[in-house]
Amino acid sequence: MTYDYTQDLLKFIQRSPSPYHTVQASRTYLDQAGFQALALSETWNLAPNSAYYVPLYDSGLVAFRTGSDVRRHLRLSAAHTDFPCLRLKYRPELRQHGYLKLNAEVYGGLLRESWLDRPLSLAGTVALQSKDAFRPEVRLIDIGRPVLTIPRLAIHMNRGVNEGVKLDTQKDTLPLLGGSQADLKAMVAQNAGVAPEDILSWDLYLYSRAQGTVFGGEKEFIAAPRLDDLECVFAATKAFLAGENREN
């Protein structure tokens with residue numbers, strides 16, 4: 001694995017703090033390669049020896065090339081745009097003892113212990129009021145700075161912590177946002193560049209602010225948050241762009 005390829009992978013992961021951002025990062029590669037975007041609501045007029053992609057509800061996409069005969073030869077490669085994480089519920093605010101915690105659900109096969117005592121942020125989409133009540137504006141957001149953590153007790157308050165602790169997802173993995181003045185909706189609205197009352201709904205994911213890195217005596221290892229499953233998306237996209245559209 002070359003160093004440049006690895007650094008490109010780590011940059012891709014950094015640009016993908018939510019499934020929606022993963023799709024956006026993938027679309028950038030396709031746009032740069034000259035692919036044409038299609039829509040599910042439109043009639044397609046596919047040309048031979050051309051390249052296209054179709055966004056799927058902002059959280060997925062399908063990319064393909066046509067050969068000299070658009071009806072022949074189909075080869076598939078697929079990967080997840082999402083990854084194990086914590087996902088905010090719609091009304092997540094829990095105010096207790098002068099602090100604001102957020103109600104979050106486990107999404108995917110999460111290693112719960114690995115999320116404790118880390119600087120976390122939020123990213124995803126928000127749905128906003130628009131002139132057409134049936135077509136709200138959907139906007140990507142990324143808070144882009146550490147705003148949350150899931151704290152654990154100090155060892156002198158839990159002497160058995162090193163003997164293994166079962167974490168209750170409804171009590172022990174709720175992220176802390178701040179004190180009594182913290183306001184999640186106001187923070188999200190500011191990032192989106194709108195007023196809080198313009199927000200209709202959201203789909204927000206917690207993500208680690210840790211940077212990906214290369215390590216090992218010969219620089220043979222990679223460590224990064226969201227490595228599962230984003231390395232599959234990256235590899236599939238790169239391989240697809242590098243591949244040839246053979247006729248047999």
Side-chain angles (χ1 to χ4, degrees), residues 9-11 13-19 21-22 80 82-124 126 141-192 196 199 202-217 219-231:
L9 166 62
L10 297 181
K11 290 177 182 177
I13 292 174
Q14 198 66 26
R15 293 195 299 267
S16 305
S18 80
H21 290 81
T22 304
H80 292 273
D82 58 355
F83 37 81
C85 65
L86 291 167
R87 185 181 186 184
L88 280 195
K89 298 180 180 180
Y90 174 59
R91 297 184 182 274
E93 295 90 344
L94 298 172
R95 297 188 183 274
Q96 298 176 343
H97 310 295
Y99 293 95
L100 176 58
K101 295 190 295 184
L102 302 181
N103 197 356
E105 62 180 340
V106 171
Y107 181 85
L110 185 69
L111 292 171
R112 301 174 192 177
E113 180 74 18
S114 68
W115 283 73
L116 303 183
D117 296 332
R118 293 177 179 270
L120 305 172
S121 192
L122 284 171
V126 292
I141 71 156
D142 177 11
I143 300 303
R145 62 183 179 89
V147 292
L148 299 159
T149 192
I150 304 173
R152 75 177 92 200
L153 291 174
I155 191 169
H156 60 272
M157 299 178 70
N158 185 5
R159 292 294 187 183
V161 65
N162 290 322
E163 299 171 9
V165 176
K166 183 178 180 180
L167 296 174
D168 186 330
T169 56
Q170 290 302 308
K171 296 191 301 183
D172 302 323
T173 59
L174 302 183
L176 174 68
L177 179 61
S180 60
Q181 301 303 312
D183 188 329
L184 173 65
K185 196 170 188 178
M187 182 178 67
V188 171
Q190 182 179 24
N191 187 268
I199 296 177
W202 57 47
D203 188 16
L204 299 177
Y205 298 76
L206 277 72
Y207 71 94
S208 171
R209 288 289 297 164
Q211 300 286 320
T213 187
V214 176
F215 68 101
K219 298 183 178 180
E220 65 268 54
F221 300 121
I222 299 173
R226 306 182 293 287
L227 193 58
D228 177 19
D229 287 287
L230 294 189
E231 86 284 0

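Within the 4.5 Å cutoff, side-chain heavy atoms of Leu88 are placed close to those of Leu184. The side-chain heavy atoms of Arg87 and Asp203, taken from C-beta on, include a pair separated by under 4.5 Å. Using a 4.5 Å heavy-atom cutoff, the side chains of Val214 and Leu10 are in contact. The side-chain heavy atoms of Leu167 and Leu116, taken from C-beta on, include a pair separated by under 4.5 Å. Side-chain contact check for Leu120 versus Val147: every heavy-atom pair is 4.5 Å or farther apart. A 4.5 Å side-chain heavy-atom check between Leu94 and Leu102 finds every atom pair outside the cut-off.
Atom CD1 of Ile141 and atom OG of Ser18 lie 9.0 Å apart (nearest 0.5 Å). Between Thr213 atom OG1 and Lys219 atom NZ the span is 9.5 Å, to the nearest 0.5 Å. Expressed to the nearest 0.5 Å, how far CG of Leu122 lies from CG of Leu177 amounts to 8.0 Å. We find the CG-CG distance between Leu174 and Leu176 to be 10.0 Å, quoted to the nearest 0.5 Å. To the nearest 0.5 Å, atom OH of residue Tyr107 and atom CG of residue Asp82 are 3.5 Å apart. Rounded to the nearest 0.5 Å, atoms CG (Leu148) and OG (Ser121) are 7.0 Å apart.
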Check the pair Ile155 / Asn162 against side chain to side chain contact (heavy atoms under 4.5 Å, CB included), numbers first and verdict last. CA-CA 9 Å; Ile155 191 169; Asn162 290 322; 3.6 Å; yes
Leu230 vs Thr22, side chain to side chain contact (heavy atoms under 4.5 Å, CB included): CA-CA, chis, key distance, verdict: CA-CA 8 Å; Leu230 294 189; Thr22 304; 3.5 Å; yes
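For NZ of Lys89, the number of neighbouring non-hydrogen atoms (other residues, nucleotides, ligands) closer than 6.0 Å is greater than 12.
The side chain to side chain donor-acceptor pair (under 3.5 Å) check on Tyr99 picks up nothing, with sequence neighbours excluded. Taking the salt bridge (Lys or Arg N to Asp or Glu O under 4.0 Å) definition, one finds that Glu113 meets it with Arg152, sequence neighbours left out.
The shortest heavy-atom contact between Pro225 and Ile13 is O-CG2, 3.1 Å. Residues Leu86 and Ala104 come closest through the heavy atom pair CB-CB, 4.3 Å. Of all heavy-atom pairs spanning Trp202 and Tyr90, the tightest one is CZ2-O, 3.4 Å. Across Arg226 and Pro17, no two heavy atoms sit closer than the pair NE-CA, 3.8 Å. The minimum heavy-atom distance linking Cys85 with Tyr205 is given by the pair SG-CD2, 3.4 Å. The nearest pair of heavy atoms linking Pro119 to Pro146 is CB-CB, 3.7 Å.
Identified under the side-chain hydrogen bond (donor to acceptor under 3.5 Å, both in side chains) test for residues 166-190, with sequence neighbours left out: none.
For the pair Asp228 (side chain) and Phe83 (backbone), a donor-acceptor distance under 3.5 Å is absent. The backbone N or O of Arg118 sits nowhere less than 3.5 Å from a side-chain atom of Arg209 that would complete a donor-acceptor pair.
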